[in-house]
Amino acid sequence: MLIGMKWIHLNQLLSLGLTEDQLYFIIILCGMFVSYYIVQPIVHWFVAINSTKVLSYLIASLLVMIGILLFSIQQMNGVFANLLKIGFQSLAVFGCILFIVRLGGAIRNKVKKRSV
């Protein structure tokens, strides 16, 4: 059951063919898009002021936290482990979507340069 989301009626979504895991996936993916567009200007600011050490520290800390979560996933109860699994899956999908969008933009720019 979705904690803190009493306004979502899972029974109505089940009649549409949407499972609880798929709902979690959609919510987490939307959260990633929102957080990406919130964090992106901050990262650009760090790059503009040449604070690559701070960015390296933040990324390394994030990787360590992900490693700790992956290591401890065997010891978690089923609900949290399932949410974590769905979170990592949606993170992978978000990365693929971002890669495809960036690749499409790069190809479009290359085609524009050749046509001009």
Side-chain angles (χ1 to χ4, degrees):
M1 176 140 200
L2 291 171
I3 300 169
M5 297 191 151
K6 297 184 190 312
W7 50 273
I8 294 177
H9 301 285
L10 192 57
N11 293 336
Q12 292 175 346
L13 293 175
L14 288 174
S15 66
L16 294 173
L18 191 66
T19 65
E20 189 173 356
D21 287 345
Q22 291 170 334
L23 181 63
Y24 284 137
F25 184 83
I26 292 169
I27 291 170
I28 291 172
L29 191 63
C30 289
M32 285 182 199
F33 276 110
V34 169
S35 63
Y36 173 77
Y37 286 108
I38 290 172
V39 170
Q40 188 178 18
I42 297 169
V43 170
H44 285 291
W45 179 69
F46 277 129
V47 169
I49 63 172
N50 289 330
S51 288
T52 56
K53 290 182 182 179
V54 175
L55 282 175
S56 298
Y57 168 75
L58 291 174
I59 291 172
S61 299
L62 180 65
L63 290 176
V64 167
M65 293 301 292
I66 289 173
I68 290 170
L69 283 172
L70 285 174
F71 181 71
S72 63
I73 197 167
Q74 291 92 15
Q75 300 166 358
M76 293 181 200
N77 62 0
V79 175
F80 187 70
N82 191 31
L83 276 177
L84 190 61
K85 183 183 101 178
I86 292 170
F88 284 133
Q89 288 173 348
S90 56
L91 184 64
V93 169
F94 175 72
C96 290
I97 291 171
L98 195 60
F99 174 75
I100 291 170
V101 168
R102 298 287 181 185
L103 184 65
I107 291 172
R108 191 173 348 119
N109 288 340
K110 193 166 242 182
V111 168
K112 281 184 180 179
K113 284 182 182 178
R114 285 188 181 188
S115 65
V116 173

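Not measured: the values here are computed from a predicted model.
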* State the CZ-CD1 distance between Phe88 and Ile28, to the nearest 0.5 angstrom. => 10.5 Å
* **Fellow cluster residues of Ile38, listed by chain then number, with links counted only when side-chain atoms sit under 4.5 Å apart** => Val34
* If you link I, L, V, M, F, W and Y whenever their side-chain heavy atoms are under 4.5 Å apart, who else ends up in the same group as Ile42? -> Val39, Val43, Trp45, Phe46, Val47, Ile49, Val54, Leu55, Tyr57, Leu58
* **Inter- and intrachain pairs under side chain to side chain donor-acceptor pair (under 3.5 Å), touching residues 88-97, at least two apart** => none
Scan the side chains in residues 92-114 for donor-acceptor partners under 3.5 Å anywhere in the protein, sequence neighbours excluded, and list what turns up.
unit_1, atom_1, unit_2, atom_2, d
Arg102, NH2, Tyr36, OH, 2.5
Asn109, ND2, Gly105, O, 3.3

